Amino acid sequence: VDQTYIMVKPDGVQRGLVGEIISRFEKKGFKLTGLKLFHCSKELAEEHYKDLNQKSFFPKLIDYITSGPVVSMAWEGVGVVASARKLIGATDPLQAEPGTIRGDFAVQTGRNIIHGSDSPENGKREIALWFKEGELC
Ligand code: ATP
Ligand code: MG
């Protein structure tokens, strides 16, 4: 079964969108296997987004992700990685379709409220990075 790592970013938590986001994944039919709220370190954010560390926006991205608590989630289900990306919508919320999470709730790429793993391999890598084994069901 596939697994994906979903994170509600600090702006999504501050704006009270955690329940709405969890609800969309639950209603779709995926299984929640891990959930926690915490303020992540700069080191963890940098490791999570290491593939982007040469980009000009990288320092701003790290400041954004560490600007407040995030909600970390692990979700399981057949096809969950690609399906979660569809539920989330395009990186630029102005390009994201209405009905998607970013399309419905965001306007700026730099404040796009949610992360989802982009491949099954990264899903496994990110869940191992953000959770300890005893924290997953
Ligand atoms: P995520 O990995 O957070 O799910 P994504 O896979 O849609 O988003 P990536 O290309 O992996 O997009 O970029 C990671 C994050 O970096 C984006 O979600 C966004 O917050 C930020 N980002 C990407 N491109 C830009 C940009 N041009 N300017 C500012 N921030 C950006
Ligand atoms: Mg990405």
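Everything numeric in this text was worked out from a predicted model, so none of it was measured. In listed order, ligands and their atoms are each counted from 1.
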Fill in the blank from the handout: So side-chain hydrogen bond (donor to acceptor under 3.5 Å, both in side chains) across residues 78-92, not counting sequence neighbours, yields none
Handout entry: Pairs satisfying side-chain hydrogen bond (donor to acceptor under 3.5 Å, both in side chains), at least one member in residues 64-77, at least two apart
Key =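 Pairs touching residues 64-77 that pass the test: Tyr5-Ser72, Asp11-Tyr64.
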Atom indices of ligand 1, in the order listed, that fall short of 4.0 Å to a heavy atom of [X]:
X      : value
Lys9   : 3 (O), 17 (C), 18 (O), 20 (O)
Tyr49  : 1 (P), 2 (O), 3 (O), 14 (C)
Asn112 : 17 (C), 18 (O), 19 (C), 20 (O)

Problem - Residues Glu121, Arg125: salt bridge by 4.0 Å N-O rule - result: no
Check whether any side-chain heavy atom of [X] lies under 4.5 Å from a side-chain heavy atom of [Y], and answer yes or no.
X      : Y      : result
Val70  : Trp130 : yes
Met73  : Ile21  : yes
Ile101 : Phe25  : yes
Glu126 : His115 : yes
Leu94  : Val107 : yes

Can you pull out the closest protein heavy atom to [atom]? Residue, atom name and distance to 0.1 Å, please.
atom                    : value
atom 4 (O) of ligand 1  : His115 ND1, 2.9 Å
atom 5 (P) of ligand 1  : Thr91 OG1, 3.5 Å
atom 22 (N) of ligand 1 : Phe57 CE1, 3.5 Å
atom 20 (O) of ligand 1 : Thr109 O, 3.2 Å

Handout entry: Distance-only N or O hit between ligand 1 and Arg102, under 3.5 Å
Key = yes
Handout entry: Backbone or side-chain N or O of Gly116 under 3.5 Å from ligand 1 N or O
Key =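 For ligand 1, there is an N or O atom that lies under 3.5 Å from one belonging to Gly116.
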Problem - Heavy-atom gap Arg85 to ligand 1 smaller than 4.0 Å - result: yes
Exercise for the section: State if Lys55 counts as touching ligand 1 under the rule of any non-hydrogen atom under 4.0 Å. Expected result: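 No, Lys55 has no heavy atom closer than 4.0 Å to ligand 1.
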Exercise for the section: Report the member of Ile6, Leu61, Leu52, Ile65 with the shortest heavy-atom distance to atom 21 (C) of ligand 1. Expected result: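 Looking at heavy atoms only, Leu61 sits closest to atom 21 (C) of ligand 1.
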